[in-house]
Each structure stands twice: as C-alpha cells, then as structure tokens.
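First comes the structure, then the notes that go with it.
Here, residue 1 is the first one in the sequence, and each next residue gets the next number. Because only heavy atoms are used, hydrogens play no part in the values below, and waters and symmetry mates are left out as well, while side chains stay in.
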Amino acid sequence: MKQPRAEVAAAGRTAAGLAWRAGRGALLLYLAGSVVAGLLPAAAALLVRELFDAITQHRPADALVRVAVLLVAVSLGIALVPAVTDFLREQHARRVQLRVQDELFEGVNRLPGLRYFENPAFQDELRLAQEAGSSAPGMLIGSVVGGVQALVTFLGFLVTVCLLNPLLGALTVVMALPTFRTQLTAGRRRAAVIRDIVARSRRQMFYASLLTDTDAVKEIRLFGLQDHFKDRARAELLAASEAERRTELRNLVRGVGPAVLGVAVYGAGLVWVVRAVGAGTLSVGDVSVFLAATAAIQTGVGQLASTGSNAYQALLTFVSYRALRDLPPDLAAPEGPAAEPGPLRSAITFENVWFRYADDGPWVLRGVDLTLTAGQATALVGLNGAGKSTLVKLLCRLYDPTEGRVLWDGTDIRRFPPDAYRRRLGVVFQDYGRYDLTAGENVGLGRLDRAGDPAAVAGAARAAGVHDRLARLPAGYATLLSRIFVPDSDQGGPGAGGQSLSGGEWQRVAVARAFMRADADLMILDEPSAGLDAEAEKEIHDSLRTLRGGATGVLVSHRLSAVRDAGRIVVLGEGRVVEEGTHTALMERGGRYAELFTLQADGYRADAPVPDPVA
C-alpha cells in the first residue's frame with residue numbers, strides 16, 4: 001500500500017521532533033562530528049597531492065615536513081572522529097529509544113476501552129508501530145546525519161574533479177541521479193514488504209512462543225504438538241523470508257543499470273587522465289587527487305543513495321507509529337463538562353441497551369432494560385453466549401453501548417472520566433490475570449495506593465482464603481510467582497526458583513485482588529469460583545457475603561447453586577432479559593431459570609442416572 005506523501009512528510013516531522021526532544025545537545029554534536037568526518041577525506045586527498053607535487057618538484061625539506069605533519073594530523077582525525085561520532089550516535093539512539101517507548105505506551109494507555117485491542121488489524125499495526133518506534137527514529141537520524149557526511153565528502157571531491165575537468169564533474173552528477181531514484185524505490189519496496197509480512201511475523205512469534213509457554217507446554221507435550229507448531233512457525237517464517245527475498249532480488253536487478261553507468265563514467269575519466277598525463281597537462285599530484293576523488297565520489301553516491309533509501313524506508317514505517325500514537329480514544333468523550341461519580345446511592349440502570357462488537361457484526365445485546373439496585377446483590381445467569389460477560393464489560397465501561405445508555409444514579413457513565421468511574425468498582429474477571437510478579441504484588445495490584453501496606457494485602461488474601469498458602473511460600477508474600485524469571489535474593493533466591501500455584505489458588509489470588517477494593521461501590525464477580533472445589537467455593541461466597549454486607553454486587557455464574565441466595569436473579573437469553581426475580585419466585589414460575597436449576601440439581605440426586613464415561 002502506497003503511503004500518501006502528506007503522511008510521510010508528517011511522519012518525518014514527528015521523527016525529527018522526537019529526535020530533537022530526546023537530546024538536542026548530543027544530536028548537534030553528532031551532526032557536527034559527521035560534517036568534520038565528511039571534510040577530512042577531501043583534505044587528506046589535497047594534502048597527498050601537495051606532498052607528491054612537492055616531492056616531484058624538489059621543494060625545500062621544511063615544506064615537505066609541513067605537508068607531512070598536516071597529513072598526519074588529518075589522518076589522526078580520520079581515525080578518531082568516526083569513533084567519537086559513533087559514541088554520540090549511540091548515546092542519542094538510547095535517548096531516542098527511551099523517548100519512543102514512553103510516547104508509544106502513553107499513546108496506548110490513552111485508549112481506555114477494549115475495542116482496538118480486540119481488533120486483529122490493530123494488533124498488526126501495534127506490532128509494526130513497536131518495531132518502527134524502536135528502529136525508525138534511529139535509522140532516520142543515522143541516515144540523515146550519514147547522508148550529510150556523505151554529501152560533504154561528495155561535494156568536496158566533486159569540486160576537485162570539476163577544477164580538473166568540469167565536463168567530467170557534470171557527468172558525475174548526472175550519473176548519480178538514476179542511482180538515487182533506484183535506491184529510493186528500493187526503500188519503498190522494503191517498507192511495503194515489512195507491512196505486508198507483519199501478520200505472518202506475529203503468527204510466527206505466536207507459534208514459537210507456544211513451544212516455550214509454561215501454560216501451553218502441558219498440552220503440547222501430552223498431544224505431541226511440538227513438531228506441529230514448529231512446522232507452522234517455520235512455514236510462516238519461510239513465507240515472510242520469501243517475500244523479502246523477492247523484494248531484495250528485484251532491488252538487486254534494478255540496481256545493475258545505475259552501477260554500470262557509474263563504472264562507465266569512471267572509465268571515461270580514467271581514459272582522460274591517462275591522455276592528460278601523456279600530454280603533460282596533469283601532474284602526479286593531480287592524478288592522485290583524481291583517482292582518490294573518483295573512487296570517493298563513487299562511494300559517496302552509493303552512501304547518499306543508501307542513506308536516502310534507509311531514511312525513506314524509516315519514514316514509511318514510522319507512519320504506523322505516528323498513527324498509533326495519535327489514535328483517538330475508543331470511548332466517547334463526555335458531552336459537556338466531565339463529572340466525577342459519587343457514591344452509588346440509588347441504582348445503576350441499563351436503558352434499552354443494544355451492543356455489537358463490530359458495525360457489521362451480530363447483536364450481542366438486544367434492548368436490555370435492567371436496574372441494579374444499590375445495596376443489593378444481583379446475579380446474572382444464562383447459557384454461554386447469552387451476553388453476560390458483555391454486560392459486565394459495558395458495566396466496567398470497557399465498551400460503550402452501540403445504542404442506549406448506562407446510568408449511575410441517573411447520570412450517563414459516559415459523563416465520567418473512565419479512570420475515575422472504574423475506581424468505584426471492584427472486579428474479578430473470568431479470564432483473570434496471572435502476573436509474573438511476587439505474591440504480594442499479585443494481590444496489591446488491585447489497589448496500587450495500598451499495595452505497599454502488608455496488612456491490607458494480607459487482609460484481602462485472608463478474605464479470599466489464600467493467606468495461609470501465600471504465607472507458607474519460601475519468601476512469603478515476597479515470593480516470585482513465576483517460572484519464566486529467575487527470582488532475586490529477596491524473592492526466594494535463585495536457588496529456590498519461582499513458585500507456581502494451582503488453578504484454584506490463582507483464582508483465590510484474583511479474588512483477593514478484587515478484595516483490595518473492599519470499599520468499592522460496586523463489586524463485580526464474573527465466575528469467581530469456576531476453578532474452585534465445592535468447599536473452597538462455599539468459603540469464597542461466605543467471604544463475599546461477610547465482606548460486602550449490604551453493598552451493591554453483581555455475580556455472574558454458571559453454577560446456579562452459588563446464586564440462589566442473591567437478592568435478585570436476572571436470566572439472560574439471546575441478548576435479552578428473559579426473566580428476573582428471587583430464587584424462590586423463579587422456581588415457582590417454572591421458566592428458564594427453573595429448567596436450568598433443575599437440570600444442574602439432577603446431577604446431585606441419588607437416583608440420577610450415571611452417564612456413560614466413554615459417551
């Protein structure tokens with residue numbers, strides 16, 4: 001896909017501004033050093049000419065010494081200046097990388113919802129932006145400064161050639177134009193293939209990561225999937241490599257013509273030099289300068305074209321970084337002045353809420369009208385795909401309704417800043433996070449302002465029934481819960497290795513994380529006991545009742561026995577509220593809830609038929 005010139009130019013301005021903000025002092029010194037490095041070869045060539053002419057013309061010895069001393073000084077500069085400029089380049093590159101990471105993740109963190117993150121095309125752009133952000137600014141600045149150095153060298157030797165033969169100098173300039181064009185086109189092709197293969201690169205990394213992922217490795221070993229995923233990773237890598245090979249081959253073929261033209265100009269100049277020497281119109285010093293100049297011009301043209309190509313390629317890939325950094329938020333801005341949510345006093349109300357994840361996708365919620373009364377526990381039940389988790393996402397304002405609205409004490413939650421609103425919530429998601437951090441951090445992340453309070457962390461863990469297990473770890477709450485990092489000495493020590501928890505223990509940790517917000521206005525529990533045994537499940541729900549008291553809660557569960565004592569049960573079906581009421585009222589009604597509850601209860605009856613395990 002060809003990028004519009006305006007976008008490329010804007011990306012260039014963004015990259016230049018980023019490089020300037022990252023370290024203007026280092027950048028200016030780097031640029032100055034490159035200019036000096038570009039002038040030194042021409043100065044050395046002129047001094048060599050003076051030395052040769054002084055020798056052949058038998059000038060005084062002190063003249064020879066002066067020229068020799070100057071030549072040694074210039075040679076010392078040629079040896080030292082590039083090392084200094086390389087140091088300055090690396091210093092500046094590190095600052096740019098730090099600035100890029102900060103700005104990129106600031107841009108990502110400005111996206112308060114999930115719509116972008118659940119879009120595969122966005123994930124491709126994010127991957128491309130991460131690669132471009134880490135390499136493109138350094139490549140661009142390096143190309144520009146390297147181009148300045150090559151241009152200074154090129155112009156210095158070009159002036160020398162023009163003084164000897166203006167026609168040959170003009171031919172040299174004309175010869176450079178096709179090379180520039182060819183290299184710029186090559187850079188555009190390389191940028192295009194990078195964009196084309198980013199999806200394959202992501203899949204290759206995914207398949208490769210499965211082979212070492214601690215969660216996936218059990219099934220991979222059990223089902224013998226090692227070679228299957230290895231072959232898939234290899235196929236994606238081969239396809240990406242083949243696309244790059246075709247591009248590089250095409251660039252190679254297109255570069256033959258300009259290279260031959262350059263050699264032809266050089267050959268013509270060499271013939272002229274030989275004839276001029278024979279006619280006595282050029283001295284030995286002139287010949288040395290010409291030979292050095294023509295070789296340097298050839299090299300300079302190649303460097304200029306290459307740096308121009310690299311800069312252009314960097315700009316094309318940097319477009320993705322700039323677009324991601326400036327991506328508009330995926331949640332609507334408040335209409336009018338933003339409001340701060342107060343404590344929940346009345347109810348949370350869903351008014352005719354319709355929702356779908358894509359404009360052309362199916363409706364997940366279809367005109368939901370629902371009131372969650374303050375101080376009451378409400379249970380959401382229904383079959384898979386009924387819309388329960390989507391309703392939770394809207395309640396957390398990870399998405400906005402496609403139609404309708406959600407009200408907090410009569411105020412549309414879109415009036416609230418998302419972060420301020422979410423601070424009123426405590427949540428346990430069905431797909432909770434397992435962080436490769438210490439046990440204390442895994443609990444304390446639920447409320448960062450109290451994460452450093454050992455008593456608060458232990459209290460939340462105790463309420464979730466996991467305190468004793470965490471306290472028995474080698475370093476207690478400081479133990480690293482990870483098998484992919486080597487723990488520090490205060491995390492159980494390198495010899496102990498990271499610790500692992502069972503699935504049920506991890507779920508308790510997730511519940512403890514939510515309990516860090518025990519004073520939240522609304523506690524949302526999406527399948528909080530799915531991985532627990534019957535005894536642990538009862539303990540969790542007893543803790544919930546004790547902890548929350550008469551506070552507002554939403555409980556999503558497939559185990560209807562866990563919701564029977566909820567103040568109100570809401571049954572969802574095909575994106576709609578099909579019935580609601582207490583357990584007793586719904587059982588007496590004999591509707592969908594009674595059918596599901598009876599179906600689950602049948603499995604616990606003594607006279608229930610035992611299913612065939614094979615079937």
Side-chain angles (χ1 to χ4, degrees), residues 111-122 327-336 338-339 341 344 346-374 376 378-418 420-422 424-425 427 429-431 521-522 524-527 552-558 563 566 568-581 586 591-593 596:
L111 306 176
L114 292 183
R115 187 174 299 277
Y116 287 126
F117 294 95
E118 294 186 342
N119 184 341
F122 171 80
L327 203 63
D330 54 339
L331 297 180
E335 297 180 1
L344 184 63
S346 176
I348 300 172
T349 307
F350 286 75
E351 286 189 352
N352 191 31
V353 170
W354 291 71
F355 180 80
R356 56 185 175 185
Y357 287 95
D359 292 339
D360 57 349
W363 290 103
V364 181
L365 299 179
R366 303 167 178 268
V368 171
D369 289 306
L370 176 63
T371 299
L372 305 176
T373 305
Q376 184 182 68
T378 301
L380 301 178
V381 300
L383 297 178
N384 291 333
K388 304 184 299 297
S389 294
T390 299
L391 204 68
V392 168
K393 291 179 181 178
L394 295 182
L395 193 56
C396 296
R397 211 193 162 199
L398 297 173
Y399 287 92
D400 282 333
T402 308
E403 298 177 16
R405 56 182 186 162
V406 181
L407 306 177
W408 178 281
D409 283 341
T411 301
D412 193 327
I413 63 173
R414 286 174 287 203
R415 291 282 309 281
F416 305 137
Y421 170 71
R422 291 169 187 158
R424 295 281 179 184
L425 313 179
V427 187
F429 288 112
Q430 184 175 355
D431 50 348
D521 293 275
L522 175 65
I524 304 171
L525 305 167
D526 187 1
E527 298 288 355
T552 311
V554 174
L555 173 63
V556 179
S557 181
H558 286 93
V563 304
R568 183 155 154 267
I569 300 172
V570 177
V571 183
L572 295 175
E574 298 183 350
R576 295 184 175 90
V577 175
V578 296
E579 56 185 356
E580 57 183 298
L586 291 174
R592 185 58 173 156
Y593 175 83
L596 293 174

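Once rounded to the nearest 0.5 Å, the distance linking CG of D409 with CG of D521 reads 9.0 Å. With rounding to the nearest 0.5 Å, the separation of CG in D526 from OG in S389 is 4.0 Å. Considering CG of L425 and CG of L395, their distance stands at 6.5 Å, rounded to 0.5 Å. Interatomic distance, NZ of K388 versus CG of L365, reported as 11.5 Å (0.5 Å rounding). Taking CG of L394 as the start and CZ of F350 as the end, the distance is 6.0 Å to the nearest 0.5 Å. Annotation: the span from L398 atom CG to D330 atom CG amounts to 9.5 Å, rounded to 0.5 Å.
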Check step by step if side chain to side chain contact (heavy atoms under 4.5 Å, CB included) holds for L383 and L596. CA-CA 9 Å; L383 297 178; L596 293 174; 3.9 Å; yes
Begin from the C-alpha positions of T390 and Y357 and carry the test side chain to side chain donor-acceptor pair (under 3.5 Å) through to its verdict. CA-CA 9 Å; T390 299; Y357 287 95; 2.8 Å; yes
Side chain to side chain contact (heavy atoms under 4.5 Å, CB included) between T378 and T373, intermediate numbers included: CA-CA 8 Å; T378 301; T373 305; over 6 Å; no
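Across all non-hydrogen atoms, the minimal contact from A347 to T371 is CB-CG2, 3.7 Å. Taking each heavy atom of Y421 and W408 in turn, the nearest pair found is CE1-CE3, 3.4 Å. Taking every heavy atom of both residues into account, A374 and L344 meet most closely at CB-CG, 4.1 Å. Smallest separation of non-hydrogen atoms from R405 and V353: O-CG2, 3.4 Å. Shortest non-hydrogen contact noted between A339 and F416 is O-CD2, 3.1 Å. Taking all atoms of both residues into account, the shortest heavy-atom contact from I524 to C396 is CD1-SG, 3.8 Å.
The backbone N or O of V571 sits nowhere less than 3.5 Å from a side-chain atom of R592 that would complete a donor-acceptor pair. Using modelled atom types, no side-chain atom of Q376 and backbone atom of R568 make a donor-acceptor pair closer than 3.5 Å. With hydrogens and angles disregarded, a donor-acceptor distance shorter than 3.5 Å links the side chain of R422 to the backbone of R397. Here the side chain of N352 pairs no donor or acceptor atom with the backbone of V368 at under 3.5 angstrom. Looking at R356, its side chain does come within 3.5 Å of a backbone N or O of D359 through a donor-acceptor pair. Side-chain atoms of E351 never come within 3.5 Å of backbone atoms of L407 as a donor-acceptor pair (strictly under, hydrogens ignored).
More than 12 heavy atoms of other residues, nucleotides or ligands shown are found within 6.0 angstrom of CD on E118.
Here the rule is side chain to side chain contact (heavy atoms under 4.5 Å, CB included) with V570, and of L372, V381, L370 only L370 fits it.
Residues V577 and L572 meet the side-chain proximity criterion, which asks for heavy atoms closer than 4.5 Å. Within the 4.5 Å cutoff, the side chain of V554 has no heavy atoms near those of the L391 side chain.
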